[in-house]
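Structure, as structure tokens:
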2 protein chains.
Amino acid sequence: MATAVAVTISDAEWRVMRIVWTLKQTDSRTIINLLAQQHDWKPATIKTLIGRLVKKGALDTTKKGRQFIYTPLIPEQNAMDTALTNELDQMCAMHRGTAIAHVLEQTEMSKADVQNLIDVLAKKLPTAPDAVHCDCLPDGCEGSCES
Amino acid sequence: MATAVAVTISDAEWRVMRIVWTLKQTDSRTIINLLAQQHDWKPATIKTLIGRLVKKGALDTTKKGRQFIYTPLIPEQNAMDTALTNELDQMCAMHRGTAIAHVLEQTEMSKADVQNLIDVLAKKLPTAPDAVHCDCLPDGCEGSCES
DNA sequence: AGTTACAGTTTACATTTGTAATCGGTCGGT
DNA sequence: ACCGACCGATTACAAATGTAAACTGTAACT
């Protein structure tokens, strides 16, 4: 395994990636046009973001005449998983379930997605531990860590 | 409503908050001792983080003799929700469900939590739309945006 | 009363991120 | 053959973040 370093994509860069992920491949012209509509970013700003993503190894480039064609080097689902997991991992293990519950309530999802989540959880239920303990303190936070 | 600005807590600051959330209230001594164990941060580093959190309005201080007692000004669950929601919101609406599925698979949760999530989803199922469309492109990404 | 030890504040500095102007090369048109 | 439009690269700069030393004041112990 070579590039196991899991590139970090910043918020602004994320916007660029979404365009490329969605279009599978594009040139900077298209990216700039689309993004300049959504945000009011100057073309120069978007070029910078593209440049950084290429340097970071998130986008690949293929010379096409005078310009480049950009393609994602890291899969969207992969980036999404990593971002969410990183966020969750830095939170108290005991409270993750509740946090996810709130997120589920507020996230609009298709029937199919909801059903799929139910299935995943149903499969998870049997092996789920009776309790997951707080891991906020070095030792284990016995007693002082309720609800 | 005064401070509706939703303070942003950085990764390193998050560690400090977790200590305070768990202990409900503490002094810097305790925070420093606990954190110095988990990470190898110098006391000065932790002091800086505490100071920034106070300035940001995430921690409250109460003079107690020569030192301060710190208490959380923002609730943990609230911070967790905000962090996760912000992360999710910047992702393609169409793919959020799948990403959450992956996260659910990898997150250890208690039986009670899993069951709770199932309930939340079951309640959500009837009103869930048949499809949630990709919102990565300005227009709506018809056609060019499959799974 | 003097000194120590530690709490909180100020200052420091490199890196990352957001935001953007400018430069340099080239493709296409006249 | 030349000029302009445009692409990608270089440079810029402030704010946030990670990491930490230095400074200041004062409570506690001798």
Side-chain angles (χ1 to χ4, degrees), chain A residues 5-20 25-71 79 82-83 86-87 90, chain B residues 5-20 23 25-71 73 79 82-83 86-87 90:
Chain A
V5 218
V7 285
T8 316
I9 298 169
S10 79
D11 286 5
E13 288 163 2
W14 201 275
R15 310 309 308 212
V16 175
M17 289 306 291
R18 284 178 64 182
I19 299 285
V20 185
Q25 62 164 105
T26 357
D27 49 35
S28 67
R29 178 101 302 266
T30 307
I31 299 176
I32 289 172
N33 284 160
L34 293 175
L35 282 182
Q37 270 178 260
Q38 311 184 220
H39 310 273
D40 80 292
W41 285 342
K42 301 288 169 297
T45 302
I46 302 170
K47 285 186 194 178
T48 299
L49 294 174
I50 295 176
R52 288 180 185 168
L53 285 167
V54 171
K55 192 188 317 177
K56 283 185 180 181
L59 287 181
D60 191 24
T61 55
T62 309
K63 199 92 187 179
K64 169 75 175 303
R66 51 356 214 341
Q67 45 178 133
F68 282 147
I69 296 296
Y70 297 95
T71 38
T82 301
N86 283 344
E87 202 66 40
Q90 96 182 322
Chain B
V5 218
V7 285
T8 316
I9 297 168
S10 80
D11 286 5
E13 289 162 0
W14 201 276
R15 309 310 305 215
V16 175
M17 289 306 292
R18 283 178 64 182
I19 299 284
V20 185
L23 299 180
Q25 61 164 103
T26 357
D27 49 35
S28 68
R29 178 103 301 263
T30 308
I31 299 175
I32 290 173
N33 284 159
L34 293 175
L35 281 182
Q37 269 178 262
Q38 311 184 219
H39 310 275
D40 81 293
W41 284 343
K42 302 288 169 294
T45 302
I46 303 171
K47 286 186 193 179
T48 299
L49 294 173
I50 294 177
R52 287 182 184 166
L53 285 167
V54 171
K55 192 187 319 176
K56 281 184 181 182
L59 287 181
D60 192 23
T61 55
T62 309
K63 198 92 186 180
K64 168 76 173 303
R66 53 349 208 355
Q67 46 180 131
F68 283 148
I69 296 297
Y70 297 94
T71 38
L73 266 182
T82 302
N86 283 344
E87 201 67 39
Q90 95 181 323

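Values below: all heavy atoms of this structure, side chains included; hydrogens, waters and symmetry mates excluded. Here is how names work: the chains are called A, B, and so on, in the same order as the sequence lines, proteins then strands, and each is numbered from 1.
Rounded to an integer number of Å, the gap from I50(B) CD1 to dA20(D) C1' is 14 Å.
No option in L49(B), D60(B), T61(B) other than T61(B) meets the side-chain contact (heavy atoms from CB on, under 4.5 Å) test with V54(B).
Between the side chain of R52(A) and the base of dT19(C) there is at least one donor-acceptor pair of N/O atoms closer than 3.5 Å.
Looking at I9(A) and Q90(B), their side chains never come closer than 4.5 Å, going by heavy atoms from C-beta outward.
Residue S10(A) places at least one side-chain N or O closer than 4.0 Å to OP1 or OP2 of dG18(C). Regarding contacts with the backbone of dA7(C), a side-chain N or O of R29(B) is found under 4.0 angstrom from either OP1 or OP2. Put simply, S28(B) has no side-chain N or O that comes within less than 4.0 Å of OP1 or OP2 on dC6(C). Taking only side-chain nitrogens and oxygens, K56(B) comes nearer than 4.0 Å to OP1 or OP2 of dT17(D).
Across all strands, T45(B) comes closer than 4.0 Å to base atoms (heavy-atom distances). Residue-level contact check: K42(B) touches the backbone only, with heavy atoms under 4.0 Å from sugar-phosphate atoms and none from bases. Residue D27(A) is classed as having no contact, given no heavy-atom separation below 4.0 Å to the nucleic acid.
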* **Stepwise side chain to side chain contact (heavy atoms under 4.5 Å, CB included) check, S28(B) with F68(B)** => CA-CA 7 Å; S28(B) 68; F68(B) 283 148; over 6 Å; no
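Residues D27(B) and T30(B) bring a donor and an acceptor atom of their side chains to less than 3.5 Å of each other.
Along DNA chain C, the nucleotide closest to E13(A) and the one closest to I32(B) are compared, and the more 5′ of them pairs with I32(B).
Closest to the side chain of A12(A), from the set dA21(C), dA20(D), dG18(C), is dG18(C).
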